[in-house]
Number of protein chains: 4
Amino acid sequence: MQCPFDIKPRWERRKDARPQELLAAALDLFVERGFASTRLEDVAKRAGVSKGTLYLYFTNKEELFKAVVRENIVPAIGEAEDAIAGFEGHSAELLRIVVYTWWDRLGATKASGIVKLVMAEANNFPDLAQFYREEVIVRASTMIGSMLARAVARGEFRPVDIPVTTQLLISPMLMLMMWKHSVGPCEQSALDPHTFLEAFIGMALNGLCAAPPVPAGGPAPIPGA
Amino acid sequence: MQCPFDIKPRWERRKDARPQELLAAALDLFVERGFASTRLEDVAKRAGVSKGTLYLYFTNKEELFKAVVRENIVPAIGEAEDAIAGFEGHSAELLRIVVYTWWDRLGATKASGIVKLVMAEANNFPDLAQFYREEVIVRASTMIGSMLARAVARGEFRPVDIPVTTQLLISPMLMLMMWKHSVGPCEQSALDPHTFLEAFIGMALNGLCAAPPVPAGGPAPIPGA
Amino acid sequence: MQCPFDIKPRWERRKDARPQELLAAALDLFVERGFASTRLEDVAKRAGVSKGTLYLYFTNKEELFKAVVRENIVPAIGEAEDAIAGFEGHSAELLRIVVYTWWDRLGATKASGIVKLVMAEANNFPDLAQFYREEVIVRASTMIGSMLARAVARGEFRPVDIPVTTQLLISPMLMLMMWKHSVGPCEQSALDPHTFLEAFIGMALNGLCAAPPVPAGGPAPIPGA
Amino acid sequence: MQCPFDIKPRWERRKDARPQELLAAALDLFVERGFASTRLEDVAKRAGVSKGTLYLYFTNKEELFKAVVRENIVPAIGEAEDAIAGFEGHSAELLRIVVYTWWDRLGATKASGIVKLVMAEANNFPDLAQFYREEVIVRASTMIGSMLARAVARGEFRPVDIPVTTQLLISPMLMLMMWKHSVGPCEQSALDPHTFLEAFIGMALNGLCAAPPVPAGGPAPIPGA
DNA sequence: GATGAATGAGGTTTCATTCAT
DNA sequence: GATGAATGAAACCTCATTCAT
């Protein structure tokens with residue numbers, strides 16, 4: 001991402017890195033405390049700068065929040081899109097890959113906290129919601145939809161209502177992220193993510209894979225594997 | 001509803017109604033603006049009283065919020081428990097009943113906004129989260145779990161990992177509520193809840209029903225069967 | 001104090017007793033919590049009436065406070081005046097009597113809390129201070145002064161500057177009351193009132209009694225100098 | 001006092017001075033109106049800053065008050081301790097020095113209002129009382145006690161019960177401070193402090209100085225009895 | 001560019017006082 | 001006379017934002 005010839009003295013690189021450091025600090029604190037409870041002074045302190053400096057890079061708290069969303073969620077969408085575009089194998093395997101890629105890249109990371117936070121704060125920031133819809137939801141849905149379309153076209157999944165099935169597939173993944181960051185923690189009966197995802201994939205493939213219906217049994221009977 | 005002999009001065013009747021009026025106003029505003037952004041003065045104003053009056057009935061903002069949860073969420077759980085307890089028919093039909101009862105009673109009402117709100121704010125109010133876990137999550141999970149256990153015991157569902165499947169079933173319902181109150185609104189391609197729920201029930205039963213699959217025509221028309 | 005022929009039915013006596021009951025409740029709470037922290041609702045509750053009733057008898061919080069002062073401090077002054085007026089014996093004994101009467105009647109009772117409270121709040125209520133000066137301070141000083149004058153006239157005390165000596169005598173008694181109600185409690189090394197008063201009387205008489213007169217001179221006759 | 005080379009921008013010099021300016025303003029207002037009735041906004045205004053600025057230097061109202069005590073009372077204790085520690089002469093002279101030092105340093109200044117305030121408000125702010133006991137009362141009592149012990153050890157004072165005598169000596173000084181700030185002002189017959197202190201010292205030395213010892217006996221040697 | 005002192009609007013909570021019943 | 005529901009002013013404290021240096 002960084003041109004190797006663009007060498008700068010360390011202190012100047014430092015300057016260029018400021019926004020990144022601020023975004024990283026903001027990510028941590030927003031996830032940890034929520035939007036309202038995060039104080040910009042703490043963000044600045046964690047990034048090692050003063051409060052005033054933050055305002056050199058971000059107009060206000062709301063813009064900082066939006067930048068954190070852009071920085072942490074949007075790229076992951078692009079990666080997933082690329083993964084799907086280049087995949088050649090059976091769609092059941094693709095589904096599994098998409099789910100686990102998503103988990104590794106978003107679900108298991110701090111970015112999941114941002115997803116939760118957007119859900120929580122979308123009402124308070126209409127244009128953030130707008131941005132999020134366009135840059136994240138639409139693209140993610142399109143991506144899942146295209147995966148489903150490919151599978152149906154190749155005869156690997158039954159013909160399904162693609163928009164609805166898309167939502168249905170997204171639900172448990174969203175749920176897992178929400179859970180982690182709201183009432184989930186502190187609960188004794190916390191879900192084991194891996195078990196949950198396996199059950200989810202199993203049930204999804206059971207419902208999606210073409211005839212003959214998958215014989216009951218294990219969580220993920222992948223025919224093409 | 002009111003015994004004709006139990007005449008009270010208008011003023012005293014007001015008193016009895018006050019908590020309800022305040023709770024209704026609070027429900028509206030919490031759903032509309034979130035917890036932190038809702039000002040108690042506005043709640044009072046909407047209920048037609050002054051700020052101070054609110055404190056005659058609720059100790060503080062957090063207690064008001066808990067009362068809203070108790071008023072709007074908890075009873076629905078109880079009703080669903082009763083519905084399950086008294087049901088005699090096939091578990092596939094029971095699942096359908098539970099889902100639609102939930103939808104009519106919570107999902108389609110303003111109470112869904114409270115569910116979303118709890119998810120959003122749980123981190124900031126630990127004892128609210130605690131309260132919600134005990135009063136709502138545990139009871140709802142237990143309820144779904146007992147429905148699954150009954151189905152498996154009667155040989156109507158395949159044997160499944162009950163805790164995990166419970167979460168899996170809850171996910172799309174939760175999703176639908178979250179959606180409505182965060183990024184969902186304003187979206188042109190909004191999900192039609194009914195279509196979504198039908199697809200959800202279909203996929204769930206497809207994955208759950210014991211072999212041989214339920215004969216079509218009933219609650220789960222499985223094309224490939 | 002109550003004419004024996006003024007018999008009333010119990011409920012009516014109750015009515016007449018209201019102000020007394022309110023004053024007693026107010027005394028307790030003012031002493032316990034101070035002026036600002038005492039809520040009129042609590043005063044009413046302790047007197048067994050409603051908040052509104054209190055306002056039938058006292059114009060406002062300030063007037064209630066003044067009434068408490070009048071009720072609890074002023075009468076004690078009168079009693080002490082009478083005690084002095086009728087005394088025939090040696091002035092040293094009279095001093096002792098005055099001190100212990102004061103202690104039994106005020107110092108050891110809740111009224112001492114009012115004395116402390118007046119000191120604390122006098123600034124906030126100028127006309128209360130005025131009232132207290134006239135009704136309590138002037139009368140108490142006059143009383144002590146007349147006791148000193150009598151003692152000097154009878155040759156039992158040395159001739160002294162009466163106003164100054166009056167203050168000097170009052171100081172330790174005042175101190176004892178203040179102490180009880182401010183930083184004194186909770187202290188491990190709490191003063192034993194009796195020991196303190198004995199030491200006080202001892203030192204006072206030592207300084208006041210006529211024979212043998214302290215060698216006159218300057219204000220500070222330092223023997224070793 | 002300021003090194004001429006330690007030039008700072010005016011703005012930064014302000015910063016260093018702020019706490020002192022705020023403490024001075026707080027001292028004035030606390031003494032004038034008491035703790036509860038002093039609004040922090042007024043303190044800030046008198047110091048020429050805004051409400052928020054005050055919170056940059058003091059965590060809350062109570063800490064501000066403690067700082068006022070620390071600034072105005074505690075140092076005086078230290079000075080008196082030093083004065084006693086280094087004194088070589090006769091204890092009678094030392095007593096006089098301590099009394100007048102106390103008067104110049106505390107009694108005659110606004111700090112006396114703080115002493116009165118603590119007595120008045122201690123009940124409502126338990127940890128403030130705790131702080132005052134430890135930082136002021138214990139140290140002051142210890143100081144007076146050590147003065148007495150020295151005097152007795154050198155044979156300059158009669159052997160006395162040190163804790164009790166300490167209290168007895170403190171009483172009139174405390175009284176003088178209380179008086180100034182409660183019912184004392186506005187009184188036509190206000191005490192002249194100098195006259196009062198002289199009488200106090202005279203009586204104290206009369207009671208304390210060794211020779212000739214008062215004929216022992218009871219606490220109240222009543223000649224005529 | 002960077003700093004951090006200063007600002008002041010804003011929200012929760014308390015409680016003396018009023019007044020319809 | 002008695003009640004107690006209702007009022008609303010007041011005060012503390014927070015923190016996003018500004019700006020002089």
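If you're wondering where the values come from, they're calculated on a predicted model, not measured in any experiment. Letters A, B, ... mirror the listed sequences (proteins, then strands); counts begin at 1.
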Assign A:T38 to base, sugar-phosphate, or nothing according to its heavy-atom contacts below 4.0 angstrom with the strands shown.
sugar-phosphate

Whole angstroms only, please: what is the [atom1]-[atom2] distance between [X] and [N]?
{"X": "B:Y55", "N": "E:dT17", "atom1": "OH", "atom2": "C1'", "answer": "20 Å"}
{"X": "C:D42", "N": "F:dG4", "atom1": "CG", "atom2": "C1'", "answer": "15 Å"}
{"X": "D:N60", "N": "F:dC12", "atom1": "CG", "atom2": "P", "answer": "11 Å"}
{"X": "A:K61", "N": "F:dC15", "atom1": "NZ", "atom2": "C1'", "answer": "8 Å"}
{"X": "A:L56", "N": "E:dG4", "atom1": "CG", "atom2": "P", "answer": "13 Å"}
{"X": "C:L54", "N": "F:dT3", "atom1": "CG", "atom2": "P", "answer": "11 Å"}
{"X": "A:F58", "N": "E:dA2", "atom1": "CZ", "atom2": "P", "answer": "13 Å"}
{"X": "A:F65", "N": "F:dT17", "atom1": "CZ", "atom2": "P", "answer": "14 Å"}

OP1 or OP2 of F:dA2 less than 4.0 angstrom from a side-chain nitrogen or oxygen of C:Y57, does that happen here?
yes

Does F:dA5 have its OP1 or OP2 closer than 4.0 Å to a side-chain nitrogen or oxygen of B:T53?
no

Strictly below 4.0 Å, N to O, side chains only: are A:K66 and A:E62 in salt-bridge contact?
yes

Can you find a heavy atom in the side chain of [X] that is under 4.5 Å from one in the side chain of [Y]?
{"X": "C:L27", "Y": "C:E71", "answer": "no"}
{"X": "D:L64", "Y": "D:L23", "answer": "yes"}
{"X": "A:F65", "Y": "A:T38", "answer": "no"}
{"X": "D:N72", "Y": "D:K110", "answer": "no"}
{"X": "D:E135", "Y": "D:V69", "answer": "no"}

On DNA chain E, more 5' by nearest nucleotide between B:E41 and C:S37 is B:E41

Per the atom types in the model, does the base of E:dG8 pair as donor or acceptor with the side chain of D:K45 at under 3.5 Å?
no

Is there a donor and acceptor pair, one atom on the side chain of C:K51 and one on the base of E:dT17, closer than 3.5 Å?
yes

Which residue lies toward the 5' end of DNA chain F, D:E62 or B:S50, if each is placed at its nearest nucleotide?
B:S50

Take C:F35 and C:F125 through the ring pair (Phe, Tyr, Trp, His ring centres under 6.0 Å) test and state the conclusion after the steps.
CA-CA 11 Å; C:F35 181 80; C:F125 308 114; 4.7 Å; yes

Its dot-bracket string being built from Watson-Crick and G-U pairs below 3.5 Å, with | for another strand and [ ] for crossing, DNA chain E has the pattern .||||||||||||||||||||

